[in-house]
Amino acid sequence: MGRSDILVVANRLPVRRMRQGGKARWETSPGGLVSALMPVLKERGNGCWIGWTGQRSGSFRPFRHAGIRNVPVSLTREEVGDYYDGMANSSLWPLYHDVVRPPVYRRYWWYAYESINSRFAEIAAREAAEGAFVWIHDYHLHLVPGFLRQLRPDLRIGFFLHIPFPGRGLFAQLPWRTQILKGTLGADVVGFQTKAGARNFRDLARRFCGATLAPGGLELEGRRIQVDAFPISIDARRFDELARREETILRAEEFRRRLLGRKVMLGVDRLDYTKGIDIRLRAFHELLRSRLAGIDDVVFIQSVVASREQVEAYGELRSEVEELVGTINGEFGEVGKVAVQYLRQNLGPVELVAMYRAADVMVVTPYRDGMNLVAKEYVASHPEEDGVLVLSEFTGAATELEQALVVNPHDLEGLTASMARALRMEVPERKKRMRALRKTVFTHDVHAWAAGFMSRLAG
Ligand code: F6P
C-alpha cells in the first residue's frame, strides 16, 4: 500500500472496537463527522485516518475498514490518563469553555501532551505522500501542525478546532499558551466554529507569537496562515430520511402514547458540565413549582450518554443531575407518572430520531458550546415543520439558528419563562420558525462544511 494523498488526524479513529460472542471487531462510529470525512478520504482511493482506538491498553496495527486505511496510535493507560483525561479534558476543555469548571494545570500532563502530539505527527509524516493534504482535528492535537511542518514542509496542513476558542482574558491563563499557539500556527489553514473564535486566535497569535495580520488571516516568519470560521453541521438529509421512515413514525407515536399524550420536552446530551443539564432541570422544576405547567400537561425526557468517566468533574456532574431528577420526581411524580424521564444509555439512530420527532420542545442550554449538533439534529428530524427549539445564546449554533427561542442559561427566571412560552406557542408561529430553521440546516450541511474547508486548504 502506497502513502496517502489525503489524511485525517484526530484523537479518535472513525471506528470503535466492539465485542460479540467473545470476538472483537471494528465498527464504524456513528456521527456526522465520520460520515462527512469518509467520502473525502475515499475520493482519491487511498485516504488514511490516524487516531487513538479508545482502548486504554494494547497495541494495534494499521488496518483497512470501510475503504480507508486506519492507523491506530497506541497509548498506554498512563498516557491516556495524562494526555486525554488530564491535559485535554481537565486543562484545555474547561479553559476553552469559559472555565465553567476550574481548569487544572499539571506539568507532567503537558509533557505527555507534547510527546503524544509528536507521536501523531511522526505517524502522519510517515503515512503522507509528497504534497499530501493533512487535516488535523481538535484541542487534543494543537501541536501536531507545528511538529508535522518541521518533519514535512511539503505538506498542505489544515487544523480545525471543534470547540470554542476563548479570548485573551481566559486563554492567557494557560502556562503553555505560546506553545499551543505556535503549534497551531504550523498549519496553512486554521478553522474555528465561529468568527469570534477566529478573531480570538488572530488576536492571541499577534500578542504572544509576533504574527501580523495579513489578507485572510496572519503572516508569521514569511508564511501565510488562513484563519477563518467554518461552522460545522450535520448530515441533515440522513436525519430527514430517518425521520420519514415508517418505523420511526410508529416508534414516536408509541412514545407519545406511553407518555399519556402529555407534551414532551426533551434534552439529549453527552453527560458534560458544559451542557447546562442542571440549569434546564432547575428551570423545569420552577415551571412545575410556579404552576406554569403541571405533570398532567408535560413530561421532560432527559437522555444522556456517559462520557469521560475517569475525570472527577464528570462523576460529580452525574451525581448532581441524578439528584435533581430524584428531587423533581419525588416532589411532583405520581404512581405510574414521572415528571422527568431520565435515560442514561446509548440510543440507536431510529430510537433517537423517534424521540426528536416525539418532542414538542427541544431544550438545549449549554453554558458554552462550540456548535451543538443536537440542536441541528432536532431541526432536521422534523419534516412536518413543527416543534420548538429553545437554544442557549452561548452555543455556536445560536449564531446560525436565529429563529430558535434564544435563551441565557445563567438566567433561571428567563429560561423558565422561555420554556413556558415554547409550550404555549401556537402552530403558525412554530411552523414559521421551524421552516426557517430547516432551510438553514439543510443549506449548510456537514458535506458543505467538509468541502468548504478542503477547498480552502487546496488554496
Ligand atoms: O466536542 C468535542 C468532542 O471531542 C467531539 O469531537 C466528540 O464527539 C466529543 O467531544 C466526545 O468526546 P470524547 O472523544 O472525549 O468522548
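What you see below is based on every heavy atom in this structure, not just the backbone, and it leaves out hydrogens, waters and symmetry mates. We count residues from 1, following the sequence as given. Start at 1 and go down the list; that is how both ligands and their atoms are numbered.
- If you number the atoms of ligand 1 from 1 as listed, the ones under 4.0 Å from a heavy atom of I163 come out as 1 (O), 2 (C).
- Using a 4.0 Å threshold on non-hydrogen atoms, atom 2 (C) of ligand 1 counts as touching the protein.
- One finds no salt bridge joining E247 and R357 here, because no Lys/Arg side-chain nitrogen approaches an Asp/Glu carboxylate oxygen to under 4.0 Å.
- Put simply, the residue from R56, R77, R308, R106 that forms a salt bridge (charged side-chain N to carboxylate O under 4.0 Å, His left out) with D85 is R56.
- Neither the backbone nor the side chain of H137 comes within contact range of ligand 1; no heavy atom lies under 4.0 Å.
- Between D188 and R149 a salt bridge is recorded (basic side-chain N to carboxylate O distance below 4.0 Å).
- In summary, R280 and D269 engage in a salt bridge, as defined by a charged side-chain N under 4.0 Å from a carboxylate O.
- When distances from atom 13 (P) of ligand 1 to the protein are checked, a heavy atom turns up under 4.0 Å.
- Those atoms of ligand 1 with a heavy atom of Y84 less than 4.0 angstrom away are 13 (P), 14 (O), 15 (O), 16 (O).
- With respect to E316 and R101, no salt bridge is recorded, no charged nitrogen being found less than 4.0 Å from a carboxylate O.
- The D138 neighbourhood of ligand 1 comprises atoms 2 (C), 4 (O), 6 (O), with distances under 4.0 Å to a heavy atom of that residue.
- Every atom of ligand 1 is numbered from 1 in the order shown, and the set under 4.0 Å from a heavy atom of R12 is 13 (P), 14 (O), 16 (O).
- Of all the heavy atoms of L33, none lies under 4.0 Å from any atom of ligand 1, so neither backbone nor side chain is involved.
- Salt-bridge annotation for R25 and E27: present, with a side-chain N of the basic residue lying under 4.0 Å from a carboxylate O of the acidic one.
- Protein heavy atom at the shortest distance from atom 10 (O) of ligand 1 is R308 NH2, 3.0 Å.
- Ion pairing of E385 with K439 is absent here, as no side-chain N (NZ or NE/NH1/NH2) approaches a carboxylate O to less than 4.0 Å.
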